[in-house]
Amino acid sequence: MEEKGTEKGVAAMAACYQRFDPAAYLQYNYTPPRADFERKDSIMPWKLACLHRAFTEGDVNGELLVDIGSGPTLYQVLSGCEVFNKVLLTDFLEVNRQELRGWLQDEGSSSLDWTPYLQHVCKLEGRGASAWTEKAAKLRQVIMDVVPVDVHRPQPLALDDIPSAGADCLVSCFCLESASPDLAAFNRALGHIGRLLRPGGHLLLIGALGESYYFGGPGVKIPVVPLNEAQVCAGLKENGYILIRLEVYILPQDMRVGVDDVSGVFFAKARKE
């Protein structure tokens, strides 16, 4: 009976996403004030700094980085593309995969100009902002593909998408809590994606705290599992991850722009046992 309820909840979430609008979502979340690179307390510089640090500490390395639930965004792999020779982007929605392919094919069809993001990460790496064109070229070179993913399946990717030994690192930002109908489904999804990771591989997880909904387009209200720090830590432990670091960002009042009810964001760096 419980399994049937879970299936129903997951199906309801999938139905919610059929009206998702990548261009509107990017406008809501990836422009100022949330992406203001002049402000130290803006959320986007915080996320990029967390990822930069994780990818440059020396322990996160290997051949293959997989981004779980990329959405229509690229920022989450801008530091990782300097460490890994292969990057795989994934998303549940074809509209998001198309958005990413538009940028990768450099056909001018991207809904957001990623230049400020590329420039900011170049600065974090100690390179001049003008190095962003090299980074963009590197990113296009190392991204192998953009493929479908379903975190609610025990095997979230097609078997031939990654080597049988697993990926060396997974990154996932705002995916699991916003694709799950409840906390139990979120925890199961954490376990499912862990099967894609080799033993000793790393998971870099960014997600919302205290969020019950967000807008995925005009009038498209999508429910989210409201998480707290203890639930994130418990979920990681239950699913065989060793937590290395958890960082929390609390949204300033002017970042609460009415497109969601998020109160904070967490960054977790963990290793698979």
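A distance-only check finds a donor-acceptor pair linking the side chain of Arg97 to the backbone of Asp91 [under 3.5 Å]. Put simply, the side chain of His202 never gets that close to the backbone of Val60: no donor and acceptor are under 3.5 Å apart. Under a 3.5 Å cut-off, the side chain of Arg256 and the backbone N or O of Leu251 do form a donor-acceptor pair. Proximity of a side-chain donor or acceptor of His192 to a complementary backbone N or O of Arg153 within less than 3.5 Å is detected. A distance-only check finds a donor-acceptor pair linking the side chain of Arg34 to the backbone of Met255 [under 3.5 Å]. Looking only at distances, a side-chain donor or acceptor of Gln76 sits under 3.5 Å from a matching main-chain atom of Ser70. With Glu82 contributing its side chain and Leu78 its backbone, the two residues share no donor-acceptor pair below 3.5 Å. Looking only at distances, no side-chain donor or acceptor of Asp36 sits under 3.5 Å from a matching main-chain atom of Pro32. Using modelled atom types, no side-chain atom of Asn85 and backbone atom of Glu63 make a donor-acceptor pair closer than 3.5 Å.
Counting non-hydrogen atoms of other residues, nucleotides and ligands closer than 6.0 Å to CD of Glu38 gives a total of 12 or fewer.
Residues Tyr213 and Asp261 form a side-chain contact, since some pair of their non-hydrogen atoms from C-beta on lies under 4.5 Å apart. In this structure, Leu89 and Leu74 have side chains that are in contact, with non-hydrogen atoms separated by less than 4.5 Å. Residues Val224 and Val262 fail the side-chain proximity criterion, which asks for heavy atoms closer than 4.5 Å. You'll find the side chain of Glu125 reaches within 4.5 Å of the side chain of His52, heavy atoms only. Side-chain contact check for Phe55 versus Leu204: some heavy-atom pair is nearer than 4.5 Å. At least one side-chain heavy atom of Leu157 sits less than 4.5 Å from a side-chain heavy atom of Leu88. Proximity of Ser110 to Glu99: side-chain heavy atoms (C-beta onward) are separated by under 4.5 Å at one or more points. Between Val171 and Leu51, some side-chain heavy-atom pair lies under the 4.5 Å cut-off.
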Q) Given Thr31 and Leu112, is the side-chain contact (heavy atoms from CB on, under 4.5 Å) satisfied, shown in steps? A) CA-CA 9 Å; Thr31 59; Leu112 189 76; 4.1 Å; yes

Q: Quick one: do Leu124 and Ser79 satisfy side-chain contact (heavy atoms from CB on, under 4.5 Å)? Show the steps, please.
A: CA-CA 9 Å; Leu124 291 176; Ser79 292; 5.6 Å; no

Q: Take Leu65 and Val83 through the side-chain contact (heavy atoms from CB on, under 4.5 Å) test and state the conclusion after the steps.
A: CA-CA 9 Å; Leu65 168 66; Val83 181; over 6 Å; no

Q: Quick one: do Ile250 and Val248 satisfy side-chain contact (heavy atoms from CB on, under 4.5 Å)? Show the steps, please.
A: CA-CA 7 Å; Ile250 302 300; Val248 171; 3.8 Å; yes

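No close placement of the Tyr214 and Phe174 rings is indicated, their centers lying 6.0 Å or farther apart.
Here Lys221 contributes atom NZ and Asp260 contributes atom CG; the two are 11.0 Å apart, rounded to the nearest 0.5 Å. Expressed to the nearest 0.5 Å, how far OG1 of Thr133 lies from CG of Leu118 amounts to 9.5 Å. Between atom CZ of residue Arg271 and atom CG of residue Leu243 there is a gap of 10.5 Å, rounded to the nearest 0.5 Å. Of the inter-residue distances, the one linking Leu170 atom CG with Ile68 atom CD1 reads 5.0 Å to the nearest 0.5 angstrom. For the atom pair Leu203 CG and Leu196 CG, the distance stands at 10.5 Å (nearest 0.5 Å). Here the OG atom belonging to Ser178 is positioned 10.0 Å from the CZ atom belonging to Phe186, to the nearest 0.5 angstrom.
The two residues Leu227 and Leu183 make their nearest non-hydrogen contact at CD2-CD1, 3.7 Å. Here the closest non-hydrogen pair linking Pro22 and Pro72 is CB-CB, 3.9 Å. Across all their heavy atoms, His152 and Ser180 have their closest contact at CE1-OG, 3.4 Å. Closest of all the heavy-atom pairs between Tyr17 and Ala179 is OH-N, 4.4 Å. Nearest heavy atom pair, residue Ser42 against residue Pro33, reads OG-O, 2.8 Å. Considering all non-hydrogen atoms of both residues, Leu209 and Glu229 come closest at CD2-N, 3.9 Å.
The one candidate from Phe37, Trp103, Tyr30 that meets the ring pair (Phe, Tyr, Trp, His ring centres under 6.0 Å) condition with Tyr75 is Tyr30.
Under the 4.0 Å criterion applied to side-chain N and carboxylate O atoms, Glu57 and Arg53 are assigned as salt-bridge partners. Between Lys269 and Glu247, none of the side-chain N atoms (NZ, or NE/NH1/NH2) sits under 4.0 Å from a carboxylate O, so this pair counts as no salt bridge.
If you chain together hydrophobic residues whose side chains sit under 4.5 Å apart, Ile244 and Leu246 never meet in one group. Tracing side-chain contacts under 4.5 Å through hydrophobic residues (I, L, V, M, F, W, Y), one reaches Val146 starting from Trp114; they form part of the same cluster. When the side chains of ILVMFWY residues are joined at heavy-atom separations under 4.5 Å, either directly or via intervening members, Leu64 and Leu205 end up in a single hydrophobic cluster. In this structure, Val66 is not a member of the same hydrophobic cluster as Phe92, with clusters built from ILVMFWY side-chain heavy atoms closer than 4.5 Å. Met13 and Val225 fall into different hydrophobic clusters, defined by Ile, Leu, Val, Met, Phe, Trp and Tyr side-chain heavy atoms under 4.5 Å apart, directly or through other members.
Applying the ring-ring contact (aromatic ring centres under 6.0 Å, His included) rule to pairs touching residues 240-273 yields Trp46-Tyr249, sequence neighbours excluded.
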